[in-house]
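The block underneath contains the structure these notes are about, expressed in structure tokens.
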Amino acid sequence: NRHAPLQPPPAVNKITMHNAIIYFFLFFCKNKDVMGGLTIGKRRVILIVCVLIFLAAAPAVLLYSNGYRLGANWTLKKTGGLYVASPVSGAQIFVNDNLERETNIIQNGLFLSGLRPGAYSVLIAKEGYWPWSKKMEVKSQMVAEARALLLPKEPEGEIIKRENSTPLQKTEYDDIYALIKETKKLNSTATSTVERLASQERQKLWWNPKKNEIWISWSGEESARPYYLEKNENYVFKSPTRIKNADFYPGRKDVIIVSYQNGIYAIEIDKRGGQAKQPIYKGKDPVFITYKNSSSIYILDEDALIRIKLP
């Protein structure tokens, strides 16, 4: 599991024993309302008791402020944190069945610090969308990170061209249609590895048409490898039948889109604590492509060219 170093909140200030003892002394020895009716001997006793109480409590306060918590068998452990992000606004984020936040246009994620190391169940849900869940492992002094995959159960789609239609003038959709036809032909007859590159060409998606296994390769520095890639070569998914096409989800490098059999699916690359797979489209014999920088995918199914907008 890959985690990011934990950064403590700036509002947490360390407590110094020297300053605290001074505060006790000033309060009890200089405050006339508190100490006015007491003899010097009683004042000294009260001061000594307060100092002893502080000395007993100070280590616990200092350890807590520095991120330590009691673990199993009364052992002290450094805490960690978790961060999850939602791609859509209005989603509810649950951690261990407790509602922690509802996302909005300003806050699209949740950060929790001071967590004891261990497994945490995270669920992100929104009405009308497929839910996303993952078991996240929090480690000492690290932040476990994940980004949810949330797709609408009924995505926005429209038919933009029919195979037998002849427009008065050529449009961009004609180029898309021709590209899908060519992609379908090439992938259906491919005998060697098929590849797709993400941005900056450090992350590559590839599959072998004979095995129908999709892999993600990382060619950059190991220190720069994203959290969702455990190794430089990562097995992601195996299709039960021939893969018609696969590519990265528009605008994301941690999710891929795969078409096989009669459906098109979005699949998480991150397999830690569960791997989400959500349907985008089901038809008869669909194949898709992504096109330039569009947030939509284009699907050819029977004689219809369909555009589906993705969140």
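These values consider heavy atoms only, across backbone and side chains, with no hydrogens, waters or symmetry-generated copies.
Listed for the Glu268 side chain is a donor-acceptor partner under 3.5 Å among the backbone atoms of Ala276.
For the 3.5 Å distance criterion, the side chains of Tyr173 and Arg307 qualify, holding a donor opposite an acceptor.
Looking at every heavy atom in both residues, Leu151 comes nearest to Pro279 through CD1-O, 4.1 Å. Closest approach of Lys282 to Tyr265, counting heavy atoms only: CE-OH, 3.4 Å. The shortest non-hydrogen separation linking Thr103 to Val88 is OG1-O, 3.1 Å. Of all non-hydrogen atoms in Tyr129 and Pro152, the two that sit nearest each other are CD2-N, 3.5 Å. For the pair Leu150 and Trp130, the tightest heavy-atom approach, listed with the atom from each and the gap, is CD2-O, 3.2 Å. Across all their heavy atoms, Ala266 and Leu149 have their closest contact at O-CD2, 3.9 Å.
Between Leu229 and Gln203, some side-chain heavy-atom pair lies under the 4.5 Å cut-off. Annotation: side chain of Leu310 is not in contact with side chain of Ser295 (no heavy-atom distance under 4.5 Å). For the pair Lys139 and Pro117, the minimum side-chain heavy-atom distance is 4.5 Å or more.
Identified under the side-chain hydrogen bond (donor to acceptor under 3.5 Å, both in side chains) test for residues 181-190, with sequence neighbours left out: Lys184-Asp285, Asn187-Asn245.
Taken from CD in Glu100 to CZ in Phe94, the straight-line distance is 10.0 Å, to the nearest 0.5 Å. For the atom pair CG of Leu82 and CD of Glu137, the computed distance is 11.0 Å after rounding to the nearest 0.5 Å. Summarising the geometry, atom CG belonging to Asn208 is positioned 8.5 Å from atom OG belonging to Ser192; distances are rounded to the nearest 0.5 Å. Atom CD of residue Glu233 and atom CD1 of residue Ile216 lie 9.5 Å apart, to the nearest 0.5 angstrom.
Ring-centre distance between Tyr227 and Tyr83: not below the 6.0 Å cut-off. Between Tyr177 and Tyr298, a ring centre-to-centre spacing not shorter than 6.0 Å is recorded.
Lys284 and Asp301 are not joined by a salt bridge, as no carboxylate oxygen comes within less than 4.0 angstrom of a charged side-chain nitrogen. Contact check on Lys204 versus Glu195 returns a salt bridge, with a Lys/Arg side-chain nitrogen under 4.0 Å from an Asp/Glu carboxylate oxygen.
Evaluation of the side-chain contact (heavy atoms from CB on, under 4.5 Å) rule for Asn212 yields Ser239, Arg242, Ile243 as partners, not counting sequence neighbours.
Among Asp174, Ile159, Ile180, the single residue meeting the side chain to side chain contact (heavy atoms under 4.5 Å, CB included) criterion with Leu305 is Ile180.
At least one cation-pi condition fails for Lys231 and Trp218: the charged atom is not both under 6.0 angstrom from the six-membered ring centre and inside a 45 degree cone around its axis.
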